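Below is one structure, written out as structure tokens; the observations come after it.
Just so it is clear: chains get the letters A, B, ... in the order the sequence lines come, proteins before strands, and each one is counted from 1. Worth saying up front: this structure is predicted, and the values here are computed from it rather than measured.
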Number of protein chains: 2
Amino acid sequence: MSCENETAVALRDAGQKVTPQRMAILSAVRHAGEHVTATRVIEQIQAAQPYVDPSTIYRTLSSARELGLVSETDMGTRDAEFEWIGKDRHHHLICKSCGTAMSLDNRYLDGLATQLIEELDFEADLGHFAIFGTCAKCRTQNREEN
Amino acid sequence: MSCENETAVALRDAGQKVTPQRMAILSAVRHAGEHVTATRVIEQIQAAQPYVDPSTIYRTLSSARELGLVSETDMGTRDAEFEWIGKDRHHHLICKSCGTAMSLDNRYLDGLATQLIEELDFEADLGHFAIFGTCAKCRTQNREEN
DNA sequence: CTTGCACATGCAACCAGTTGCAGCTACTAT
DNA sequence: ATAGTAGCTGCAACTGGTTGCATGTGCAAG
């Protein structure tokens, strides 16, 4: 099954409609590889189809997030980053000092999820997570300065 | 030392000035007990001092966040929640179904922080964290419906 | 006490993102 | 194939939050 079909099926399963606009928007996120801002998606879509309204793009991204097709994460910059949720779930470590974003494998949070469900009966949705802090490089630099 | 003095000292230590507006704004957050939205702070401040501009409040909250005096968390609602960072650091579990926010003790994330520093040399700043998911009550209800 | 200056404030213009609404379109049932 | 309907789209108005700038103010040095 092609990725276009997968997306279409996911939409229909949720009782939503498959429209050219939605497919273009979701395809842009999917093929971005990395995380993209809504603004970036708008630019990209409007370059090809200028008549697509920004509100449609915001609405589509927002409903796709609710469906679990994409994740929305505040990476510390002004506007939120969207990312296609594929097979390789991962999170981000963001250095507050240099702004670098690193991927963090899912397994680091598995333990936490297990603990929450066992001890508190809370089913955590750890699909998307941004952890702020200081990376190794910046920590070394800070030590040298002091 | 009174809490007012603590706040003032923290500001001055960071090379910032102590003004009546700032003290009023930070005091509102500190004494809110729970988390408060910027909008709520604006209402509260303007009830007493109508001349204080919203932009001042946004700027103050934002710089206080950078100083680590308050935390800013997206609780899933439209606007961010601010909370005074006291001795009892904690996080929030937010149910996507019923919207309830529960406090989560810091110890649940200590393990993760340790793992990150030992394995990846990344010093995580886990001062404020919002974990989305489904609470026990809503999970039970969902099971009954199916 | 006075002076200087960096930081903070209020104002107003601005902008990204949201919402209400009327028309349109994908999907479903017949 | 057709009609009905629920959901989507574009438009335009709106709103919460941000930014630039001129003025005001806290604070430290003299």
Taking for R12(B) and for A80(B) the nucleotide of DNA chain D with the nearest heavy atom, the one nearer the 5' end belongs to A80(B)

Start at the 5' end of DNA chain D and walk down; is the nucleotide closest to A38(B) or to I25(A) reached first?
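Nearest-nucleotide comparison on DNA chain D picks I25(A).
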
Along DNA chain D, first and last positions that approach a heavy atom of chain A under 4.0 Å
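Contact boundaries, 5' end first: dA6(D) to dT18(D).
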
Gap separating the [atom1] atom of [X] from the [atom2] atom of [Y], nearest 0.5 angstrom:
X: F122(B); Y: L116(B); atom1: CZ; atom2: CG; result: 7.5 Å
X: D74(A); Y: T73(B); atom1: CG; atom2: OG1; result: 10.5 Å
X: E81(B); Y: T39(B); atom1: CD; atom2: OG1; result: 9.5 Å
X: E83(B); Y: H92(B); atom1: CD; atom2: NE2; result: 4.5 Å
X: I57(A); Y: L26(A); atom1: CD1; atom2: CG; result: 11.0 Å
X: L109(B); Y: I131(B); atom1: CG; atom2: CD1; result: 5.5 Å

Same apolar cluster (I L V M F W Y, side chains within < 4.5 Å links), I94(A)/I117(B):
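No, no single cluster joins them.
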
Strictly below 4.0 Å, heavy-atom distances to any atom of DNA chain D: list the hits from residues 60-69 of chain A, or just say none.
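Residues of residues 60-69 of chain A under 4.0 Å from DNA chain D: T60(A).
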
Considering only heavy atoms, which members of residues 40-57 of chain B lie under 4.0 Å from some atom of DNA chain D?
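Within residues 40-57 of chain B, the residues near DNA chain D are S55(B).
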
Is it the case that more than 12 heavy atoms not belonging to R65(B) sit under 6.0 Å from its CZ atom?
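More than 12 within 6.0 Å, yes.
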
Does any part of the side chain of [Y], heavy atoms only, come nearer than 4.5 Å to the side chain of [X], both counted from C-beta?
X: Q49(A); Y: P20(A); answer: no
X: M23(B); Y: T7(B); answer: yes
X: M102(B); Y: L120(A); answer: no
X: Q44(A); Y: H31(A); answer: no

Need the bend value for the helix from dC1(C)-dG30(D) to dT30(C)-dA1(D): angle between end axes, 5 pairs each end, nearest 10°.
40°

If we ignore hydrogens and angles and just use 3.5 Å, is the side chain of Q46(A) paired with the main-chain N or O of V52(A) as donor and acceptor?
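Side chain of Q46(A) to backbone of V52(A): a pair is present.
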
Heavy atoms only: give me the nearest L61(B)-V70(B) pair and the separation to one decimal.
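Residues L61(B) and V70(B), closest heavy atoms: O-CG2, 3.9 Å.
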
Could you give the start and end, 5' to 3', of the contact zone on DNA chain C for chain B, using atoms under 4.0 Å from its heavy atoms?
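The contact span of chain B on DNA chain C goes from dA6(C) to dT18(C).
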
Name all residues meeting the salt bridge (Lys or Arg N to Asp or Glu O under 4.0 Å) criterion together with E66(B); count only those two or more places apart in sequence or in a different chain, and write none if there are none.
none

For V18(A) and for K17(B), locate the closest nucleotide of DNA chain C by heavy-atom distance; then report the residue assigned to the nucleotide nearer the 5' terminus.
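Closer to the 5' end of DNA chain C: K17(B).
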
